[in-house]
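Below, read A as the first sequence line, B as the second, and so on, with proteins coming before strands; counting in each chain starts at 1.
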There are 2 protein chains.
Amino acid sequence: MPHGKKSPTIYDVAELAGVSISTISRVLNSPDKVNVKTRKRVMEAIDRLGFVPRAEARAHALQSANRIGVLTPFFTAPSFVQRFRGVASALSKENYELVIYPVDSVDHLQGYISSIPLMRTIDGLIIMSLSLGDQDAQRLSNNGMETVLIEYSHPKLNSILIDDEYGGQMAAEHLISKGHTLLAFLGDIEPPEKYAIHPVKSRLQGFKRALREAGIPLSEPYIRSVPYSQEETKKAAHELLTLPTPPSAIFVASDIQALSVMKVARQLNIRVPQDLAIIGFDDIDVAEHVDLTTIRQHLDESGRLAAEILLARINEPSRPLQHINLPLNLIERLTT
Amino acid sequence: MPHGKKSPTIYDVAELAGVSISTISRVLNSPDKVNVKTRKRVMEAIDRLGFVPRAEARAHALQSANRIGVLTPFFTAPSFVQRFRGVASALSKENYELVIYPVDSVDHLQGYISSIPLMRTIDGLIIMSLSLGDQDAQRLSNNGMETVLIEYSHPKLNSILIDDEYGGQMAAEHLISKGHTLLAFLGDIEPPEKYAIHPVKSRLQGFKRALREAGIPLSEPYIRSVPYSQEETKKAAHELLTLPTPPSAIFVASDIQALSVMKVARQLNIRVPQDLAIIGFDDIDVAEHVDLTTIRQHLDESGRLAAEILLARINEPSRPLQHINLPLNLIERLTT
DNA sequence: TGCTAAACTGAAAGCGCTTTCATAAAAATA
DNA sequence: TATTTTTATGAAAGCGCTTTCAGTTTAGCA
């Protein structure tokens with residue numbers, strides 16, 4: 001229905017219906033407070049003009065935007081995407097918009113953190129896998145910006161964590177139970193970005209500890225710290241697998257890197273799992289496609305939970321903070 | 001810096017600096033229009049109070065939100081994610097927020113389309129892989145909502161397309177050049193959702209035509225239409241590969257499904273590419289990890305381009321509409 | 001020094017909606 | 001029928017910022 005000029009405002013509707021704007025606003029927001037006949041007349045006017053309230057105006061008056069934000073690095077990495085899926089699914093029931101703030105530098109992060117809570121452009125914030133200074137956390141909390149942290153925690157904010165160290169232990173125990181004695185580890189232990197978190201380090205610790213307790217050595221050459229880049233991962237995997245005495249099993253601290261390791265093994269004609277067992281971490285979607293054994297960390301669930309907690313707190317700010325610990329599961333497939 | 005009450009407004013700053021709010025607004029929006037000394041004083045007041053303009057108020061006054069929206073189905077499917085990546089990368093340079101509207105039903109789509117342009121909560125819209133009624137397209141256009149369509153087109157809106165039919169042809173030609181004569185096709189030809197588009201059908205057409213021209217038959221049992229679900233895809237793949245005379249090559253119309261086919265082949269101990277050649281479509285990230293031969297459709301690029309066109313039009317609405325056709329490339333890896 | 005042009009600044013209107021408060025009308029009660 | 005409640009509505013005050021317009025300074029120049 002092409003119509004020439006500007007879109008109608010609440011004033012136009014009021015005029016057409018012969019009532020005041022207050023009444024229009026009421027039929028929109030609390031219909032039961034207006035007389036049935038008037039309501040009907042107003043509805044007709046609304047339909048006739050195709051009126052839709054301008055969201056910004058509403059947000060301005062209401063001081064709330066029905067919008068929640070997600071602050072995240074690498075927002076297109078599979079594991080992050082799956083968390084998003086969880087967030088989106090929780091949000092789709094309610095009437096919230098989802099806005100994404102991709103973070104790819106400390107400045108970015110700082111900028112967002114310092115302005116977002118004051119701009120009030122969103123009602124709540126989910127921060128994924130980003131380390132947050134105490135100052136910043138305080139700021140969010142003080143400014144009343146409801147926030148939930150994933151993979152990080154702070155006493156003043158909600159958080160959802162997993163036990164990375166235990167995950168590493170699970171990987172070790174699984175490999176040990178399969179009879180392996182010469183193991184290796186590959187993962188991004190030290191992300192160069194200052195704003196990133198270090199869950200991988202914990203996974204390695206758990207892995208090491210379990211091995212130690214089982215009396216199985218894990219010497220330096222068998223521990224490789226590699227950034228997520230496919231190139232570097234493949235290079236490191238190659239070096240590891242062409243060692244004089246190559247490991248018989250590898251714990252790769254992220255599925256995405258495990259894929260690279262599998263690829264290198266294929267290139268080297270190393271059979272998986274006969275010659276080499278591989279266990280990943282995350283259980284991203286493709287893990288199943290390629291039959292990768294891995295530690296599942298319920299990514300979708302973490303996102304959904306984060307959104308739910310957020311909505312709950314937004315609607316009822318007096319609720320207590322929540323600090324949730326999500327379980328991990330070993331998903332055994334064909335690579336071990 | 002914990003501070004008790006509400007966050008400061010432009011009025012507070014004005015008072016502290018001893019000037020009018022107009023001046024505050026000016027130092028924020030057109031600093032050169034205000035005297036250096038005043039500006040300095042204002043900046044100090046701003047810093048002292050930690051003032052940040054409320055985004056909604058600004059948007060309300062400005063009638064523009066510096067925010068662009070993306071309407072998309074399956075927004076966590078790898079191919080969509082990669083397009084997002086492109087969009088985000090283009091947006092990160094400018095100061096635009098990215099809001100996502102996941103569509104999982106016709107109602108959803110209709111609701112968004114009819115209200116978004118009037119709510120004016122965003123300055124521009126990217127619609128991915130969704131078919132748009134003429135009415136709706138007109139509405140967007142008439143209401144002055146800048147829009148770019150991906151994988152669909154309408155004369156009144158910008159669009160970015162690929163030549164799916166040619167893609168199918170490329171796949172056929174590649175397989176033929178490898179000496180295959182008994183081919184098969186697997187893909188989601190008829191998406192059940194009314195709002196979805198049917199690029200896969202075109203891919204099949206191109207595939208068929210190329211085979212016909214080469215004098216190679218493709219009979220019904222070798223053409224399987226299957227929804228994206230992993231379960232169903234695997235089932236269909238299994239049937240195809242256990243046919244009395246199984247095909248020696250398959251064109252799978254999406255990489256994600258190709259992964260499933262690869263998995264089934266593995267389960268059946270069918271060697272790829274010796275016993276079975278597989279070629280996918282899309283070239284999603286994992287395709288490289290698993291060495292899948294495929295037709296690349298430049299997903300990242302399509303997203304980036306869409307965002308760039310959008311921004312260009314937003315800044316200069318008089319620019320002509322653009323209808324872009326993105327090229328396709330054969331990426332030969334190890335599955336053919 | 002006197003006059004005109006340029007540079008600054010403030011008052012006020014506007015952006016479109018929500019909501020409180022007071023009033024008028026209708027319903028309920030005496 | 002007169003009086004008290006209840007219900008329905010409108011007027012008007014915000015929400016916090018941008019921008020036009022006019023007025024005031026300051027600078028430029030003769």
Enquirer: Check every strand shown and say whether S25(A) touches a base, only sugar-phosphate, or nothing at a heavy-atom separation below 4.0 Å.
Expert: base
Enquirer: Quick check: do S159(B) and H154(B) have side-chain heavy atoms less than 4.5 Å from each other?
Expert: no
Enquirer: Pick the closest DNA chain C nucleotide for A61(A) and for S20(B) by heavy atoms, then say which residue is nearer the 5' end.
Expert: S20(B)
Enquirer: Does N143(A) use its side chain to pair, donor to acceptor, with the backbone of M145(A) at less than 3.5 Å?
Expert: no
Enquirer: Are the side chain of D123(B) and the backbone N or O of A65(B) linked by a donor-acceptor pair below 3.5 Å?
Expert: yes
Enquirer: Please find the earliest and latest nucleotides of DNA chain D, in the 5' to 3' direction, that have an atom within less than 4.0 Å of any heavy atom of chain A.
Expert: dA8(D) to dG16(D)
Enquirer: For the pair R304(A) (side chain) and A90(A) (backbone), establish whether a donor and an acceptor sit closer than 3.5 Å, ignoring hydrogens and angles.
Expert: no
Enquirer: So what does I21(B) hit on the nucleic acid, given a heavy-atom distance under 4.0 Å: a base, only sugar-phosphate, or nothing?
Expert: base
Enquirer: Taking atom CG of D47(A) as the centre, report whether more than 12 heavy atoms of other residues, nucleotides or ligands fall under 6.0 Å from it.
Expert: yes
Enquirer: What's S22(B) touching, base or sugar-phosphate or nothing? Going by heavy atoms closer than 4.0 Å.
Expert: base
Enquirer: Would you find a donor on one side and an acceptor on the other, under 3.5 Å apart, between the side chain of N158(B) and the backbone of T147(B)?
Expert: yes
Enquirer: Does E15(A) have more than 12 heavy atoms from other residues, nucleotides or ligands lying within 6.0 Å of its CD?
Expert: no
Enquirer: Could you check L62(A) against R41(A) and say which one's nearest nucleotide on DNA chain D is further toward the 5' end?
Expert: R41(A)
Enquirer: Which protein N or O atoms sit under 3.5 Å from an N or O of nucleotides 5-8 of chain C?
Expert:
none

Enquirer: Assuming nearest nucleotide by heavy-atom distance, tell me which of R26(B) and L28(A) is located more 5' along DNA chain C.
Expert: R26(B)
Enquirer: Just to verify, which of V34(A), T38(A), V42(A), D32(A) counts as forming a side-chain contact (heavy atoms from CB on, under 4.5 Å) with R26(A)?
Expert: V34(A)
Enquirer: Would you mind checking if R67(A) and E97(B) are paired as a salt bridge, meaning a charged N to carboxylate O distance below 4.0 Å?
Expert: no
Enquirer: Quantify the bending of the helix from dT1(C)-dA30(D) to dA30(C)-dT1(D) as the angle between its end axes, each fitted on five pairs, to 10°.
Expert: 30°
Enquirer: Inspect the contact between K40(A) and E44(A) and indicate whether a charged nitrogen and a carboxylate oxygen are less than 4.0 angstrom apart.
Expert: yes
Enquirer: Under 3.5 Å, is there a donor-acceptor pair linking the side chains of N66(B) and E94(B)?
Expert: no
